[in-house]
Each structure stands twice: as C-alpha cells, then as structure tokens.
There are 2 protein chains.
Amino acid sequence: MESSGHKDAVAEEPLGGTKARIAEAALETLKTRGFAGSSAREIARQGNFNQALVFYHFGTVQKLLLAALDLVSDRRMHAYQPAFERASSVSELAALAREIYFEDLDNGYVTVLGEMVAGGVSDPELGREVVARLEPWIELVERKVGTLLAGSLLGSIVPPRDLAFATIALYLGIDMLSHLDGDRARAESLLDLGVRAAPLLGALLPSGRAEKP
Amino acid sequence: MESSGHKDAVAEEPLGGTKARIAEAALETLKTRGFAGSSAREIARQGNFNQALVFYHFGTVQKLLLAALDLVSDRRMHAYQPAFERASSVSELAALAREIYFEDLDNGYVTVLGEMVAGGVSDPELGREVVARLEPWIELVERKVGTLLAGSLLGSIVPPRDLAFATIALYLGIDMLSHLDGDRARAESLLDLGVRAAPLLGALLPSGRAEKP
DNA sequence: GTCTATACTTGGATAGAC
DNA sequence: GTCTATCCAAGTATAGAC
C-alpha cells in the first residue's frame, strides 16, 4: 500500500503536498478551460507537473475532477453555511442568495459547478457523483425552508423538499443560462427582483419568524 | 455551388433526402448516447451511412448537432404553441407545463436539450448557438406572462422578462438535475405541486383573466 | 453524392528508468 | 514519488476514386 496513492478510497484525509497541488491545478483548469478542456495533459500544463502524476495520485482524470469539485463544494459550504443558518427571514435569505451567487461568479465557483454538471450529463457515472455533491445543498435549503414555513398557511401547501429542489434547480438553471451566453445581466435582474419581492413573501409567514428590523 | 452541400447557410430550406436522414440519426444518437457520445462515427453507425457524409452535408459535427436541435425545437414549438397561446389561467398553464415536461421526457426531447446545453457549456461558440435556440421559448413565455400579469398588483412588481427567464431557467435546472441522477420522482413531485399551487397564484390576478370554469 | 482510405491530432493510461 | 517514452483508441476532417 502506498502512502498517498489513489487506492486509499476511504477518503477525506486532507490532501497533502503534491496531491493538493494537482487538485488545485484541476480546479484552475476547470475554471479557465471548462470540462471539455480539462484533460490530464492540460491540467499538468496548468500546474507545471508531469501528466503521469494525475494517474498515480488519482487513478483517473474523472476522480481528479471530482476531487476538484469537492474542493469548491467544501469551501463554499464552510463559507456560507453560518450566515445561511443565521438568516431568519425571507428578505435576509434573498439578499444572501444574491450575494452568494455573485461571489461565486467572481471567483469562478459557479463556473466549476456548471462545468461539472455539464460533464455529468454526458457521463452517467460522473453524473451520479456530481449529484451526490449537490445533495448536501438541497438538504441545507430544505432544513431552512422547513423552519421558515413551519406552522404557516404556505407550509401546509408547499413541502420543503419540493421547494428546496426547486431552489437548487433554479440556481443551477440560472447558472447554466448565464454561462451559455456570457451575459450576467439577466441573472442580476432576476436576483434583484428576488430581493425586492422577498418582503412580500415574508408577510405570508407566521409573524414570529417573519420580517425582522 | 452544390445543391445541398453545407455552403448554403441562408438556412431553412426543408432538409431533403439524405441530409434529413443524417439529421434524424444525429437526433437519435443525442438521445441514446448523449452529447459526448455523438461523434460523426457514432452518428453514421446509428443511421447506417458513411461517416464522411456528415462533413459533406454539414461541414462540421457541431453544425449537424445544431441542426438536430433545430429539429426538436421546431417540432416542439409547433406542437405546444397553440395550446400555450390558448391557455388563459395560471392553472391551465401549470397543467400544460406538467404535460409538456413529461411528453418531452418520454420522447427524449428533454434529453436532447439537456445534452446540447451541456455541450454548449464547455464550448463557448456552441453555447451561443444553443442559447439562441432557447430565446424563442423565453419570448413565448414572456408574452404569455405579460398578458396574464397586465394590470394586476403582481404585474407592478414582477417584470415579465424576469419571470420568463426564471421559468426557463427552472425548467432547464429541473431537466439537468433529473438527468443527472436518472430520478424523475423529484421533478414529478415538483410539477404536481405547481398544479396544486396554481389556483392560489391565479387568485392574485385580475378576475377577468383569473381562474376559468 | 457517396464510398474507401488515410492523414493528423488529442487524450487516457501504463511501463520502466531514475 | 516523479519522469520519459510509448501504446492505443477515438475522433475530425480531407483527398480522391467511383
């Protein structure tokens, strides 16, 4: 058994040294060249290391790209979860969603997710892995929506699970469309609308949890 | 100038004979093998014709795939537009959306759109072409939403353009997610919710256009 | 318009030296 | 653990015979 080869699939040891460098290079390549452009050779060029190292450390290119996706998914989860859990009104959530979207857009995280989803569409095996990494986000939204809707009239009609799925689907769809035509104006406009409309939606919820000062 | 070569880019002559056969084969390949699996060779195998014909008739594989996308986009537009224009309440629209989604799902049209969007994400040039083919759908929804919202309280807050963009984005996002994990249960559940919730939304609109018998 | 043959390119992956 | 060299598969696209 080697010490950092790809066999240790038990996962989650903080990637050290070279392995981390490779994952970072893959991340950067996904951002700049897209999924289709993220070959082992291109990633190696990007990170100035030997192409063969990809296979030594990760076994396949696919596994490397998933490791890169894990990198961003974990980072984003750590960065946003606290503020998200803290938010207690629809308005705050709308504002947060808007902030997160543009922060992700600026540092390329939206790109990476979109690229990996695109890759997953054409490869069922990869697709399952990608969707598994989306699951925690759906659950996060579901929990929050659940507490917000609890006891309200809306809550008796709208299951949190559906609303959470719709939210992530919408986020992903906006990502895809903006990505396709390189135009962020429409996404901006829509997220601004969300911020404006949120207080009205909040008014339909039990006052205890509704709009705060 | 040849009679049916790919040079006549002025477009829209109804594809005849072999050219049509090739486009149909591309469509079928997109459905069964996905974007990544739709190479000139694979398409030719699917349609039992020579690989070189792809390049003679369409110039590049990309152009052929776009022609296949046009095929489904046009068919769907013709099939659904009349019923869509006729619908005059939120309830009818929700029911129609649900129907369309599952019809598309069953005959593979959702797949084709999802695959081409995925392909477009990784290739900017293709992406622009794909989004251009989505535009008519956004406009269709925008017109309908515009007439429905006109004069209502909601209409003074929600611009039709934003709502149309959100609708298509949501449709695409649901498509992508369902596609990724091969699970149609969540999409079903969400579309059912839409049908249940539609009458409530309709109640917020001017009564003249609201829920009909 | 259609076929065969082939040039050329890129990419995944491995063997084996160091 | 890293590098060089290489194999092999698959794909785009074109030339040229028919």
Side-chain angles (χ1 to χ4, degrees), chain A residues 1-8 13-26 29-30 32-68 115-116 118-119 122-123 125-126 129, chain B residues 1-9 13-26 29-30 32-68 115 118-119 122-123 125-126 129:
Chain A
M1 278 211 207
E2 58 276 76
S3 69
S4 74
H6 66 276
K7 291 289 175 65
D8 40 27
E13 83 282 35
L15 318 176
T18 307
K19 201 168 175 181
R21 248 189 75 213
I22 297 177
E24 293 290 349
T29 311
L30 272 173
T32 56
R33 299 265 191 274
F35 177 82
S38 294
S39 63
R41 285 170 151 89
E42 191 60 39
I43 293 169
R45 199 163 11 238
Q46 162 74 39
N48 280 308
F49 51 79
N50 194 284
Q51 176 251 133
L53 288 181
V54 165
F55 302 98
Y56 177 77
H57 286 286
F58 291 90
T60 66
V61 175
Q62 255 201 31
K63 283 181 191 146
L64 166 56
L65 294 179
L66 283 172
E115 293 294 337
M116 289 301 287
S122 263
D123 182 332
E125 193 189 342
L126 182 58
E129 297 289 336
Chain B
M1 279 212 206
E2 59 274 76
S3 68
S4 73
H6 66 276
K7 291 289 175 63
D8 40 28
E13 83 282 37
L15 318 175
T18 307
K19 201 169 175 181
R21 248 188 75 213
I22 297 177
E24 293 290 349
T29 310
L30 273 173
T32 56
R33 299 265 191 275
F35 177 82
S38 295
S39 64
R41 290 190 201 303
E42 191 59 39
I43 293 169
R45 201 165 6 241
Q46 161 74 39
N48 280 309
F49 51 80
N50 194 285
Q51 175 252 136
L53 289 180
V54 165
F55 302 97
Y56 176 77
H57 285 286
F58 291 91
T60 67
V61 176
Q62 256 202 29
K63 282 182 193 146
L64 167 56
L65 295 179
L66 284 171
E115 294 294 337
S122 263
D123 181 331
E125 192 189 343
L126 182 58
E129 297 289 335

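Convention: sequence-line order gives letters A, B, ...; per-chain numbering from 1. From a predicted model like this one, the values you see are computed outputs, not experimental measurements.
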Residue [X], side-chain atoms from C-beta onward, closest of [options]:
{"X": "B:Tyr56", "options": "D:dT12, C:dC3, C:dT2", "result": "C:dT2"}
{"X": "A:Ser39", "options": "D:dA13, C:dT2, C:dG12", "result": "C:dG12"}
{"X": "B:Ala52", "options": "C:dA13, D:dC3, D:dA15", "result": "D:dA15"}
{"X": "B:Val61", "options": "D:dA13, D:dT4, D:dA5", "result": "D:dA13"}
{"X": "B:Leu53", "options": "C:dC3, D:dT2, C:dG12", "result": "C:dC3"}

Take atom [atom1] of [X] and atom [atom2] of [N], then tell me their distance rounded to the nearest Å.
{"X": "B:Arg21", "N": "C:dG1", "atom1": "CZ", "atom2": "C1'", "result": "13 Å"}
{"X": "B:Phe55", "N": "D:dT14", "atom1": "CZ", "atom2": "P", "result": "8 Å"}
{"X": "A:Glu42", "N": "C:dT10", "atom1": "CD", "atom2": "P", "result": "11 Å"}
{"X": "A:Phe35", "N": "C:dG11", "atom1": "CZ", "atom2": "C1'", "result": "13 Å"}

Is there side-chain contact between A:His57 and A:Leu64, with at least one heavy-atom pair below 4.5 Å?
->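 Not in contact.
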Decide yes or no, distance alone: a donor-acceptor N/O pair under 3.5 angstrom between the base of D:dT12 and the side-chain of B:Arg41.
->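 Side chain to base: pair found, below 3.5 Å.
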Verify the contact: side-chain N or O of B:Thr18 to OP1 or OP2 of C:dT2, cut-off strictly under 4.0 Å; return yes or no.
->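 Checking B:Thr18 against C:dT2: at least one side-chain N or O falls below 4.0 Å of OP1 or OP2.
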